[in-house]
Amino acid sequence: MSAVTKADTAVRAPAPEVEPSSDVANWSPTWTGRLRSAGLRRLPPEKLLPDSQPAYVQSAVYLFGALTLSAFGVVVLSGMVLAIEGANWWHVSNAGLFVNSIHLWGTELFFFFMVLHLWGKFFMAAWRGRRRATWITGVLAFVVSIATAFTGYLSQQNFDSEWISTQAKDGINATGAGAFWNVLNFGQMLLWHVVLLPLVVAVFVGIHVLLVRRRGVVPPFALAARGATGWSDTTEREDLTKDEAAEATSTEEVASK
Amino acid sequence: MSKRFNPDRDVAEWHGPAIRYDLLKEVTVGFAVVLVLALVFAVVFSSPDESAITLQSWSKAAPVDFVQTAITELDGTSASATYGAPYNHTPGTGQQLGPISIERAIGVHIPLDTSRAFVIDPLETLPRQPALTSAIRQYKSAPAKQQTAWTSAYEKVVGKATFNGALHVAPGSYGPVAPMMTALLGMARSGALDGALTKTPQLYGTDYTKPLLFIADGTYMGNVAQSRNLLGNQWGMMNETGQYPGQAWLWLYTLWYQVPPMNSSSNGDVEVWAIMMGLTVLLALVPFIPGLRSIPRWTRIYRLIWRRHYRSLPPVSS
């Protein structure tokens, strides 16, 4: 390697500005570009943050989803305050007991609204028209939420935790899971409660909400005497694999034009 | 080939009018409403926080029950000592579903020898107790048959023991067992046993498996739970202390423990879990299950939910 002297650099001409390649259009798509395109294709801004809804969205039942999300927010925020002060805080401080009470009642409200949301969506058959994944992620969020609340009860360090853990161990052990998921181990349950399970709930809730935004709110059942009941060009049928493939093809066609 | 339209699976997408909607406002107002509700409930009802039972509080409140339990831990006849997987190898244990026992198949992962872990090891941590040290040595070096003779004799009479500052057990041939039990009771009442059972090689400890199993083997905690309506047959799985809703969402799980054959089956836990797992899968797969997915259309409750929409439709032409 040759040494570069001051004289060399002094006489060297400034580097020319890099001009953009003329064949950008021919570049193969990057991962980032593909992700952006897919995101915009599936969730354009007007779908992600809508300021209008179909006219049939007029019922208190539609509020339960938003109220569930709101209660989840209250639970997470109050849980964060409890985490900041530590596990013993709420046993020895009035302020801590108050925050713990908000956490408890936030959880009760979360489940109350979530169950109403679930039943409401069941009786609306909200899985119709390519919305099966929305239903399934909602059920998964519900199930993981139960496990999250359960570990919360185990992490209270009081008689409730003690009694629930010693009774629940038999059920968990009977499934074989008790060998690895020890409900009598406070440290393990606390970490599952404050890190792992809330993360899983947040992921399922996030996917669920994005799917709701993407697919929209399920339309009412058509009344036989008043509207279309048959399969027609104006109706859509769910086939997730075919739908995704068709969307990808149409996008590629648009891009190539 | 196109499939026939199925009203429980397919839908005529909406191409009608839209109404104004503010997602951000809905979420913000919703959050405020829920926060206010939680604050009000917190102020009015607070939250339960009944102190946990410790080995110390148990041995002080019910010393005879403590010793009755401790002797079964020493001779290996307590519920924990004979539990089986995941704590120890005990033939004939392990709940099974038909011919399958997952519990047994996975085996011992949290090894527990109650005689050593709950009695002998903690007693050996007590300093400057030559008589006790000698008693422990005598017990450990005795043949199993002799150990059983001592503990069985003690077990027969300890239920009638009394406590008035000291434990009084009717005289008998208990060998070293009597001084060991007296020392363990003293250790528990001082609080030292709680520390000994959570001791780890590190300074910090967060695993309460041993003290919780020991406490649960006694009758004291069960009696306290019964007085607070927390037993399994009192729907205790979903209750908590005080007048609080508890885990009301576990009502279905708890229900199965109240009905035959699960309420009396030795495999009740695994049977209830199997039912609940099956029902959870069914719930997740409702959109795919003919009949189940038609319930909303058959019950017509949707007419109530969308009543304003249906009212707004043009009248049927005759």
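Proteins get letters first, then strands, A, B, ... in listed order; numbering begins at 1 in each. These numbers come from the heavy atoms of this one structure, side chains and all, not from hydrogens, waters or symmetry mates.
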Asker: Please state whether the side chain, the backbone, both or neither of A/Leu67 comes within less than 4.5 Å of a heavy atom of chain B.
Answerer: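 Both parts, backbone and side chain.
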Asker: At a 4.5 Å cut-off on heavy atoms, which part of B/Ile100 comes close to chain A: side chain, backbone, both, or neither?
Answerer: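 Contact with chain A: none, neither part.
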Asker: Using a 4.5 Å cut-off on heavy atoms from C-beta on, say whether the side chain of B/Tyr257 contacts that of B/Asn233.
Answerer: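 The answer is no, as the side chains (C-beta and beyond) never meet within the 4.5 Å cut-off.
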Asker: Do B/Asn267 and B/Gln95 have side-chain atoms, one donor and one acceptor, less than 3.5 Å apart?
Answerer: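 Short answer, no.
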Asker: Heavy-atom pairs under 4.5 Å with chain A - which of B/Val286, B/Leu39, B/Thr280 has more of them than the others?
Answerer: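 Looking at each of B/Val286, B/Leu39, B/Thr280 in turn, B/Val286 comes out on top.
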Asker: Which bit of A/Leu140 is near chain B, if near means a heavy-atom gap under 4.5 Å: side chain, backbone, both or neither?
Answerer: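 For A/Leu140, no heavy atom lies under 4.5 Å from chain B.
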Asker: For the residue pair A/Trp105 and B/Phe41, does the interplanar ring angle fall in the parallel (under 30°), tilted (30 to 60°) or perpendicular (over 60°) class?
Answerer: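 Answer is parallel, since the angle falls under 30°.
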Asker: What about the rings of A/Phe221 and B/Tyr302, do their centers lie closer together than 6.0 Å?
Answerer: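 Yes.
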Asker: Can you tell me which portion of A/Thr166 sits under 4.5 Å from chain B's heavy atoms? Options are side chain, backbone, both or neither.
Answerer: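 The side chain, not the backbone.
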Asker: In terms of heavy-atom pairs under 4.5 Å with chain B, which of A/Tyr56, A/Phe186, A/Phe150 leads?
Answerer: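 Looking at each option in turn, the highest pair count goes to A/Tyr56.
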Asker: Using non-hydrogen atoms only, which part of B/Tyr204 is less than 4.5 Å away from chain A: side chain, backbone, both, or neither?
Answerer: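 For B/Tyr204, neither part sits under 4.5 Å from chain A.
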Asker: Which one, A/Asn185, A/Val217, A/Leu190, leads in non-hydrogen pairs under 4.5 Å with chain B?
Answerer: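 So the answer, after comparing A/Asn185, A/Val217, A/Leu190, is A/Asn185.
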Asker: Can you tell which of B/Thr241, B/Leu97, B/Val108, B/Ile106 has the highest number of heavy-atom pairs within less than 4.5 Å of chain A?
Answerer: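 Sorted descending by pairs with chain A, the first entry is B/Thr241.
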Asker: Give, as side chain, backbone, both or neither, the part of B/Leu24 having an atom under 4.5 angstrom from any heavy atom of chain A.
Answerer: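 It is neither, since no heavy atom gets under 4.5 Å.
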Asker: If I measure from the heavy atoms of chain B, does A/Val74 come under 4.5 Å with its side chain, its backbone, both, or neither?
Answerer: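 For A/Val74, backbone and side chain are both near chain B.
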Asker: At a 4.5 Å cut-off on heavy atoms, which part of B/Leu283 comes close to chain A: side chain, backbone, both, or neither?
Answerer: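 Its backbone and side chain both get close to chain A.
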Asker: Once you round to the nearest 0.5 Å, how far does CZ of B/Arg307 lie from OG of B/Ser312?
Answerer: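 Reported value, rounded in 0.5 Å steps: 12.5 Å.
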Asker: Side chain from CB out, backbone as N, CA, C, O: work out which of these in B/Pro48 comes under 4.5 Å of a heavy atom of chain A, or both, or neither.
Answerer: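 Both parts, backbone and side chain.
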Asker: Without hydrogens or angle criteria, can the side chains of B/Asp49 and A/His91 be said to hold a donor-acceptor pair below 3.5 Å?
Answerer: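 Side chains of B/Asp49 and A/His91: pair found under 3.5 Å.
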Asker: Checking B/Val43 against chain A: side chain, backbone, both or neither under 4.5 Å from a heavy atom?
Answerer: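 For B/Val43, heavy atoms of backbone and side chain both lie under 4.5 Å from chain A.
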Asker: Is it the backbone or the side chain of A/Ile102 that comes under 4.5 Å from a heavy atom of chain B, or both, or neither?
Answerer: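 For A/Ile102, the contact with chain B is made by backbone and side chain together.
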Asker: Under a 4.0 Å threshold between the charged nitrogen and the carboxylate oxygen, would B/Arg228 count as salt-bridged to B/Glu240?
Answerer: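 Salt bridge flag = no for B/Arg228 with B/Glu240.
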Asker: Give, as side chain, backbone, both or neither, the part of A/Leu191 having an atom under 4.5 angstrom from any heavy atom of chain B.
Answerer: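 When you check distances to chain B, no heavy atom of A/Leu191 falls under 4.5 Å.
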Asker: When the ring centroid of B/His309 is compared with that of B/Trp14, is the distance short of 6.0 Å?
Answerer: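 Yes, close enough.
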Asker: Between B/Arg293 and chain A, with a heavy-atom cut-off of 4.5 Å, which part of the residue counts as in contact: side chain, backbone, both or neither?
Answerer: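 Both backbone and side chain of B/Arg293 come within 4.5 Å of chain A.
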Asker: Against chain B, label A/Phe113 side chain, backbone, both or neither, depending on which of its atoms sit under 4.5 Å from a heavy atom there.
Answerer: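 The side chain, not the backbone.
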Asker: Where does A/Val218 contact chain B at under 4.5 Å (heavy atoms): side chain, backbone, both or neither?
Answerer: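 Contact with chain B: backbone and side chain both.
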Asker: Less than 4.5 Å to any heavy atom of chain B: does that hold for the side chain of A/Ser161, its backbone, both, or neither?
Answerer: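 Contact with chain B: none, neither part.
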Asker: If we define contacts as heavy-atom pairs under 4.5 Å, which of B/Val27, B/Leu285, B/Leu230 has the most with chain A?
Answerer: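 Among B/Val27, B/Leu285, B/Leu230, the one with the most close pairs to chain A is B/Leu230.
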Asker: State whether a side-chain donor-acceptor pair under 3.5 Å links B/Tyr208 with B/Asp194.
Answerer: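 Result is no, nothing qualifies.
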Asker: Just checking, is any N or O donor in the side chain of B/Thr54 or B/Ser57 under 3.5 Å from an acceptor N or O on the other one?
Answerer: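 On atom types as modelled, these side chains qualify, holding a pair under 3.5 Å.
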Asker: Assess whether atom CE of B/Met277 is packed by more than 12 heavy atoms of other residues, nucleotides or ligands within 6.0 Å.
Answerer: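 Counting other residues, nucleotides and ligands, CE of B/Met277 exceeds 12 neighbours.
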Asker: Which bit of B/Thr209 comes within less than 4.5 Å of chain A, counting heavy atoms only: side chain, backbone, both or neither?
Answerer: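 When you check distances to chain A, atoms from both the backbone and side chain of B/Thr209 fall under 4.5 Å.
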Asker: For residues B/Tyr244 and B/Asn239, is any side-chain donor paired with an opposing acceptor at under 3.5 Å?
Answerer: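 Side-chain D/A pair, B/Tyr244 to B/Asn239: absent.
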Asker: Quick one: what part of B/Trp306 sits under 4.5 Å from any heavy atom of chain A, side chain, backbone, both or neither?
Answerer: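 For B/Trp306, side-chain heavy atoms alone lie under 4.5 Å from chain A.
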Asker: So for A/Leu104, is it side chain, backbone, both, or neither that comes closer than 4.5 Å to the heavy atoms of chain B?
Answerer: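 Just its side chain gets close to chain B.
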